There are 2 protein chains.
Amino acid sequence: MSDPALQSVAVVDLLALLAYGELRAFDQMAADARLAPDLHRRAVLSEMAAAEIVNYRRLAARLADLGADAESAMRPFVPALESYHDQTGPRDWLEALTKAYVGDGIADDFYHEVALHLEAPDRELVLDVLHDTRYADFAATEIRQAIATDPKVANRLSMWARRLVGEGLSQAQRVAVERPSLAMLLVGAVSDSDAIASLFKRLTSAHTARMTVVGLNN
Amino acid sequence: MSDPALQSVAVVDLLALLAYGELRAFDQMAADARLAPDLHRRAVLSEMAAAEIVNYRRLAARLADLGADAESAMRPFVPALESYHDQTGPRDWLEALTKAYVGDGIADDFYHEVALHLEAPDRELVLDVLHDTRYADFAATEIRQAIATDPKVANRLSMWARRLVGEGLSQAQRVAVERPSLAMLLVGAVSDSDAIASLFKRLTSAHTARMTVVGLNN
């Protein structure tokens, strides 16, 4: 994207999308923590939730630096993120962990790709607010152990993960249609259709690898 | 309390009570944040919730240092804290803020008194995990503004605050009966009945002052 004004609208959109994503993920994880089988595991998911708020605060501060009101900037993204979470409310602890593992994994890969086309300090900020890998490691260990204990779990969680990806893509598409400047941030960065295809291939491969490593299948 | 073994049981109890208090308050505040009238206020309550988890982690780490399993140590306090929160689920934003303001205020004053009779490093830890005053300031400002807009709110919130205090005292009594070593930590520190009376007087005065400052009455 060569137009600086359009670029700056898109950056505000991107940071606001991330910010509301953190705020909404906080809610969801905080509630999901009650699904934990014991207090130790509950505390870990609560900590994962709390980390989202620390990131939210950084994003809101940057939005203020850019002269944007965080509330107004986030509002356009509320419906898509509400829909995603409303459609994918976990029914148990393993669904909650799989959601954190699969959903955050894809989202982080995507934001990582977008960040590489941003300038400082937004590039560093977006990379910084991606999820801490120790939480993914915790979720992966829990999922693997559950499958080892009861192999039937793999099938149920694989289906759940496909539903998460489907809902996520559907809402991502909605955001792209409603916020063209945000879509252009990626399309502008990814200059031709081969590059877009290769981006999706990278995202898909990483997702498949994440699924395989915990014993789930696409 | 002069018996070191009993003292150390009581300290583990105290830290575990605080730890589960933080974990449960996190849940409650995270859920209450959805009652906020806008995204900015929702984010502030979410941040208050997240701060509880940071404190939880410090308490759990100290319990581990003392050779205690956080989960087992916290378990005896689950019923009292669940009861308190189940009986005092806020129905709206102002009830949620009043609960944070009044309930955390009294709890902090109480833990502050207890901490003064602990030794390092537990004394500093307990003082450190008390609530940040900027959250109390935020809640106080919101309550005052709501009363200025609609004076009838004062009566409703005053009644709500009395209910919070009643439920809190009832559960505190339950904990004292079930965990005598914890009660002795305070009684041992507060050596005679005059001292106990004066402690309760200090707690009550501070509570009344907090109520008055936001326009609520006892």
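Chain letters run A, B, ... following the sequence lines, proteins first and then strands; every chain starts at 1. What's counted below: heavy atoms across the whole structure, side chains too, no hydrogens, waters or symmetry copies. Computed from a predicted model, the values in this text were never measured in an experiment.
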Can any side-chain N or O of R163(A) pair as donor or acceptor with the backbone N or O of Q87(A) at less than 3.5 Å?
yes
Where does D38(A) contact chain B at under 4.5 Å (heavy atoms): side chain, backbone, both or neither?
both
Y101(A) and A136(A): which non-hydrogen atoms are nearest, and at how many Å?
CD1-O, 3.7 Å
In terms of heavy-atom pairs under 4.5 Å with chain B, the winner among R57(A), E22(A), M29(A) is R57(A)
Which answer fits R24(B), side chain, backbone, both or neither, if we ask what part of it has an atom under 4.5 Å from a heavy atom of chain A?
both
I'd like to know if D104(A) and K99(A) make a salt bridge, using a cut-off of under 4.0 Å between side-chain N and carboxylate O.
no
Would you mind telling me which of A19(A), A33(A), A43(A) has the largest number of heavy-atom pairs within less than 4.5 Å of chain B?
A43(A)
Could you give me the CA-CA distance, side-chain angles and deciding distance for R123(A) and E119(A), then say whether salt bridge (charged side-chain N to carboxylate O under 4.0 Å, His left out) is met?
CA-CA 5 Å; R123(A) 178 179 180 148; E119(A) 285 166 22; over 6 Å; no
I'd like to verify something: which residue of E47(A), R75(A), M74(A) has the highest number of heavy-atom pairs under 4.5 Å with chain B?
E47(A)
Assess whether a salt bridge exists between E82(A) and R34(B), defined as any Lys/Arg side-chain N lying under 4.0 Å from an Asp/Glu carboxylate O.
yes
Is it the side chain or the backbone of A70(B) that comes within 4.5 Å of chain A heavy atoms, both, or neither?
neither
Residues R156(A), D92(A): salt bridge by 4.0 Å N-O rule:
yes
Would you mind checking which part of V78(B) comes under 4.5 Å of any heavy atom in chain A, side chain (CB onward), backbone (N, CA, C, O), both or neither?
side chain
